[in-house]
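Here's the structure we're looking at; comments come further down.
Per chain, numbering begins at 1; letters A, B, ... match sequence-line order.
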Protein chains: 2
Amino acid sequence: MATPSKTRRPDELTLEVVDLIGSVVARYHEEYEEAAAEHALTGAQARLLSLLSLEPLPMRKLAQRLRCEPSNVTGIVDRLETRGLVERRPDPADRRVKLAAATDEGRRVARSLRDSLRFAREPLAGLSEEQRLTLRDLLRRMLGVEV
Amino acid sequence: MATPSKTRRPDELTLEVVDLIGSVVARYHEEYEEAAAEHALTGAQARLLSLLSLEPLPMRKLAQRLRCEPSNVTGIVDRLETRGLVERRPDPADRRVKLAAATDEGRRVARSLRDSLRFAREPLAGLSEEQRLTLRDLLRRMLGVEV
DNA sequence: ACCCGGTTACTTGACATCATGAAATATTCA
DNA sequence: TGAATATTTCATGATGTCAAGTAACCGGGT
């Protein structure tokens, strides 16, 4: 409330919105890690398992989705494989490729993880349906989703 | 207020919004890490340095802000101290306490980091002022900021 | 005043995970 | 055959937790 009329460079309002987004990011992360920990998973393991719960993927594609090095994915898949949540399959079309796939148990854990993600309920509960629609459209536009 | 046609439990629209928020979170994180890397900092170092650029803090409070164990903060401050971006000072009021404070150079880096955070511009650039206002209000409400 | 036990602040050490990069191996493709 | 691709292994460093250790504060009770 200090500077009403001054035109700052990145502008006051934008800064506040960025700050709010920062808070949302922090909270989202916290709750995600927390939900993962309840299933004895790390954040990285939970993200990878969630991806695989939809469809099997080659290691290379996993690395692209997670934006990290393939050698890193090797380790994460190793740990999940040890626990029987993920398995490696050969790709019949290319013998260089290994497909990582969630096991039945892995899919079960992924579903349970998804359900325990409180973020889907609490923060959005305070918004009416119309407000959620507005928020959806604004977020879409922010992310450059073609309307 | 009521659900449209299908009465899913977490409801379709909410799921989409949560998903969009997930994308925002991913993008924010990516760009934050990228901006940090441009200054030869890791994400954790950048967050800690940003906190200290505002005011010196005891190690214990840093751990609370960063939501991690104090022993972890010791290491991060060690690395920043080695690079001359942070220093430890005694707390005159309590000799158990060590205050971590950004050096001049540390504050300079923190400022530069803040400036290079593209997230403040690009994604919000597509929104009109009115839309940004709406987004601010919705985010505030989501985060439970008392209106 | 004194000491004493409990608490707090920080560090250290051991250990697991995550992340990168370089090198090795196997396979595909032109 | 030779270049490119997919994966793994290894070395290294940062992050994170937990348990144990040291130093300092604090609030009695005598």
(message) Of all nucleotides in DNA chain D that come within under 4.0 Å of a heavy atom of chain A, which is furthest toward the 5' end and which toward the 3' end?
(response) dT5(D) to dT9(D)
(message) Can you measure M59(A) atom CE to dA19(C) atom P for me and round it to whole angstrom units?
(response) 14 Å
(message) Quick test of your reading of the model: are E105(B) and R108(B) salt-bridged, counting only N-O distances below 4.0 Å?
(response) yes
(message) Any residue in residues 87-103 of chain A with a heavy atom nearer than 4.0 angstrom to DNA chain D? Just list them by number, or reply none.
(response) R88(A), R96(A), V97(A), K98(A)
(request) Would you indicate whether the side-chain heavy atoms of L49(A) and L113(A) approach each other to under 4.5 Å? (result) no
(request) Answer yes or no: is there a side-chain heavy-atom contact under 4.5 Å between V17(B) and Q131(A)? (result) no
(message) Between T42(B) and L57(A), which residue's closest nucleotide on DNA chain D lies nearer the 5′ terminus?
(response) L57(A)
(request) Measure the shortest side-chain to side-chain distance between L62(A) and L52(A) over non-hydrogen atoms and say whether it is less than 4.5 angstrom. (result) yes
(request) Indicate yes or no: at least one non-hydrogen side-chain atom of L117(B) is less than 4.5 angstrom from one of V18(A). (result) no
(message) Would you say that M142(A) contacts R27(B) through its side chain, given a criterion of any heavy-atom pair below 4.5 Å between the two side chains?
(response) no
(request) Look only at the side chain of R132(A) and the backbone of L124(A), and say whether a donor-acceptor pair between them is shorter than 3.5 Å. (result) yes
(message) On a heavy-atom basis, which atom in A100(A) and which in M59(A) lie closest, and how many Å separate them?
(response) CB-SD, 4.2 Å
(message) What is the separation between atom CD on E81(B) and atom C1' on dC10(C), rounded to the nearest whole Å?
(response) 13 Å
(message) Does D78(B) form a salt bridge (Lys or Arg N to Asp or Glu O under 4.0 Å) with R88(B)? I'd like the steps, not just the answer.
(response) CA-CA 9 Å; D78(B) 280 352; R88(B) 284 174 165 92; 3.0 Å; yes
(message) Between R107(A) and A102(A) (side chain of the first, backbone of the second, donor and acceptor by atom type, cut-off under 3.5 Å), is there such a pair?
(response) yes
(message) Using whole Å, what does the distance between atom P of nucleotide dT17(C) and atom CG of L41(A) come to?
(response) 12 Å
Could I get a table of every N or O pair under 3.5 Å where one atom is in the protein and the other is in nucleotides 20-22 of chain C?
| from | atom 1 | to | atom 2 | distance (Å) |
| --- | --- | --- | --- | --- |
| dT20(C) | OP2 | E69(A) | N | 2.8 |
| dG21(C) | OP2 | E69(A) | OE2 | 3.4 |
| dG21(C) | O6 | S71(A) | OG | 2.9 |

